[in-house]
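Residue numbering restarts at 1 for every chain, and letters A, B, ... go by the order of the sequence lines.
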Amino acid sequence: MNDDFDSDTGDDDLFSDDINHDVPFHHAGTLMELNDNKAGMADLDKEKISRIIEEASKGSKFYDHKKKQQERIDAKIADLLRKKKAITEEQLKNASAKVGQIVRNLEKSRDLSRTFVHVDMDAFYAAVEMRDDPSLRDKPMAVGGPGMLATSNYLARRFGVRAAMPGFIGQKLCPDLIIVPPNFEKYRAVNAIFSEVFAKYDPNYSAMSLDEAYLDITEFLRLDQNVRKPSDLSHAEEVVSDLREEIFLATQLTASAGIAPNTLLAKVCSDINKPNGQFYLRPERPVVAEFVEKLSVRKACGIGKVTEQMLNALGITTCAEMFEQRALLSLLFSEISALSFLRVSMGLGSTFMGDSDAPAKSVSNERTFKATSDADFLRDQCRRLCEELSEDLVRKQLQAKSVTIKLKTDTFDVKTRVRNLPEATWNADVLCRHVVPMLESEMAPKRAFRLMGVRASNLCEKSANQQSTLDAILKQPSGTERLCPVCSTSLAKLSLALVNAHLDRCLSGSQQDDVQCPICSGFFRRPEIEHHAATCEGAATSTTPSVKSAPIRKRGAAREDGFVPRDECQRKPKKQLTLSAFFDQRKSES
DNA sequence: ATACATACC
DNA sequence: GACTGGTATGTAT
């Protein structure tokens, strides 16, 4: 069902714009079909695969939802076509002139001087599992669970078993399919190893996930120039070949790579000779032009299934066609979309790498469960999500000024509700007090939910205000009694962590007279908290060493693709947020 | 500004 | 039997 219906509308363009003398590329009309079956012919042909998938999901709520979704897309496309019909020749001519100017400017800005590499590990999770269990090597297998597969090996792909496919459908496509549960700790460890190789070629490399990264090897090439012997391959190819070899020697895993003058093209190129291959796109304008002409628009990062359908409906499949229709697109889409289409069609991409330590804009936590309308369960779930989110925020030293609740009904419809907080916080209880009412106003006797999520946004680093408050307290000479600046009660007997907990509650406006335990998040009256914390911490520290810092350097999904069951990957056991960890994080700042 | 949609891995 | 989770960004109202 998730297979694309080729809405191959014929070429009904009334407008051919040959008034442009600024066409950067001569786009011939050759529609070369890109090989879409990568690793050998399917054991099951496409027809059969779609039929099995169709049968497996027909009648399910998921399938119904997909159908509804597709109807909305179709309506949007119909709208688009209506809009197109209403466009006059004159409007198009004007647009054409405007776009022409943009094209000239873009062309002027084209930079072919840098060398980018996109490195992508081949079937990463599956490859790791096969490496460590030779009995899997000659069998179709996938990593994931019965609910969702994260990736599959190349043998399984021949049966149509793919990432982001539910496990039970994978089993239907390939009855012998072995499904291995993911082991994210291991993947992280392997990632740490080949990341060292990346760093050698570009200390500023940018990791997109555990299995892929962008490198700017311009500088490396410059320094390496004199050291290297001549060979058939270009310098860049030689270097990237070495890089892949080093990854293999270090991990026994293969990687594919794309080499190109910008990140957009590098990404496309890394897919061409996968697995265990690389593709070099020479940094010459005609070479880039020819390459991009034949490129399916879908290959461009940012053009997904929906946008592809819309473009297809306009008769646009390749980048050449997209370039031809640039004036039309500028009239049909927003400025920002039209510009991004234009850049893609000209083969322009980013020629500098994103700041790897840009601050996160949101932190969220969501979980799917058996659909229910049970209010107690939902409230409970909500509290748990808030507590976990709070841990994440503390870990990242961020506070939220807004919280969002996300709910998915049993029919897969998603609702979100935001609320702005009076003050930035990371306190679980505060989050919860704002989220639960939003949950409650969405609950209805007949409405069952299958997922709930909580997101913190409008983030700020732990506020200077609060930090200085804490500093001020801590810097009081020992011997003087520490008083809370908010409620003026004595904090002398509390450990640093508990001072923090107290401050959080005071600063976030809590009127209550109890203190939250940073370990179990429970609330206790002040006389009881010391005793409680001692027990709680004892239990916690005996099992856990410390909070580990993630090996990933960049924000983003820590996955190759598809599903990461929370409990198996990032979420440490509850007790991981120990008193000492809590302590360390704050202490290190004062 | 809020909600919803799309995209990426 | 059972279609994910985390983050960013664009679009619509």
May I ask you to evaluate whether [X] reaches the phosphate of [N], defined as a side-chain N or O under 4.0 Å from OP1 or OP2?
{"X": "Lys370(A)", "N": "dA2(C)", "result": "no"}
{"X": "Ser362(A)", "N": "dA8(C)", "result": "yes"}
{"X": "Arg450(A)", "N": "dT4(C)", "result": "yes"}
{"X": "Lys408(A)", "N": "dC3(C)", "result": "no"}
{"X": "Lys396(A)", "N": "dT7(C)", "result": "yes"}
{"X": "Arg367(A)", "N": "dT4(C)", "result": "no"}

- request: Could you tell me whether Tyr201(A) and Tyr205(A) have their ring centroids closer than 6.0 angstrom?
  value: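 Centroid separation for Tyr201(A) and Tyr205(A): 6.0 Å or greater.
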Closest to the [X] side chain, choosing from [options]:
{"X": "Glu366(A)", "options": "dC3(C), dC8(B), dG6(C)", "answer": "dG6(C)"}
{"X": "Arg298(A)", "options": "dC3(C), dA7(B), dC8(B)", "answer": "dC8(B)"}
{"X": "Arg72(A)", "options": "dT9(C), dA5(B), dC9(B)", "answer": "dA5(B)"}
{"X": "Lys267(A)", "options": "dC8(B), dT6(B), dA8(C)", "answer": "dC8(B)"}
{"X": "Thr307(A)", "options": "dC8(B), dT11(C), dA7(B)", "answer": "dA7(B)"}
{"X": "Lys305(A)", "options": "dA7(B), dT4(C), dT6(B)", "answer": "dA7(B)"}
{"X": "Ser364(A)", "options": "dA5(B), dT11(C), dT7(C)", "answer": "dT7(C)"}

Starting at [atom1] of [X] and ending at [atom2] of [N], how long is that distance when rounded to a whole Å?
{"X": "Leu210(A)", "N": "dT7(C)", "atom1": "CG", "atom2": "P", "result": "14 Å"}
{"X": "Asn365(A)", "N": "dG6(C)", "atom1": "CG", "atom2": "P", "result": "5 Å"}
{"X": "Phe333(A)", "N": "dA7(B)", "atom1": "CZ", "atom2": "C1'", "result": "15 Å"}
{"X": "Tyr63(A)", "N": "dC3(C)", "atom1": "OH", "atom2": "P", "result": "16 Å"}
{"X": "Lys361(A)", "N": "dA8(C)", "atom1": "NZ", "atom2": "C1'", "result": "7 Å"}
{"X": "Tyr125(A)", "N": "dT4(C)", "atom1": "OH", "atom2": "C1'", "result": "12 Å"}
{"X": "Ile336(A)", "N": "dT6(B)", "atom1": "CD1", "atom2": "P", "result": "17 Å"}
{"X": "Leu80(A)", "N": "dA12(C)", "atom1": "CG", "atom2": "C1'", "result": "15 Å"}

message: By nearest heavy atom, map Ser337(A) and Val363(A) onto DNA chain C; which one lands nearer the 5' end?
response: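 Upstream on the strand: Val363(A).
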Salt bridge or not between [X] and [Y]? Use side-chain N to carboxylate O under 4.0 Å.
{"X": "Lys61(A)", "Y": "Asp64(A)", "result": "no"}
{"X": "Asp79(A)", "Y": "Arg82(A)", "result": "yes"}
{"X": "Lys172(A)", "Y": "Glu55(A)", "result": "no"}

- prompt: Among Lys76(A), Arg298(A), Gln70(A), whose side chain to side chain donor-acceptor pair (under 3.5 Å) with Gln309(A) holds?
  reply: Gln70(A)
task: Have a look at Ser60(A) and say if it touches a base, only the backbone sugar-phosphate, or nothing, with a 4.0 Å heavy-atom cut-off.
output: nothing
message: Students often get this wrong, so: under 4.0 angstrom with heavy atoms, is Ala56(A) touching a base, only sugar-phosphate, or nothing?
response: nothing
task: List for me each residue that meets side chain to side chain contact (heavy atoms under 4.5 Å, CB included) alongside Leu80(A), sequence neighbours excluded, and say none if there are none.
output: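 Partners of Leu80(A) under the side chain to side chain contact (heavy atoms under 4.5 Å, CB included) test: Met310(A), Leu314(A), Leu332(A), Phe333(A).
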task: Using side chain to side chain contact (heavy atoms under 4.5 Å, CB included) as the criterion, list what pairs up with Lys408(A), not counting sequence neighbours.
output: Phe412(A), Val414(A), Arg450(A), Leu451(A)
message: Which residues in residues 410-421 of chain A have a heavy atom closer than 4.0 Å to any atom of DNA chain B?
response: Lys415(A), Thr416(A), Arg417(A), Val418(A), Asn420(A)
statement: CE (Met130(A)) and CE (Met141(A)) are apart, to the nearest 0.5 Å, by 7.0 Å
query: Say you draw a straight line from CD1 of Ile336(A) to CZ of Phe341(A); how long is it, rounded to the nearest 0.5 Å?
result: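 Separation between the atoms: 11.0 Å.
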task: For nucleotides dC8(B) and dC3(C), find the distance between their P atoms and express it as a whole number of Å.
output: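 These two P atoms come out 23 Å apart once rounded.
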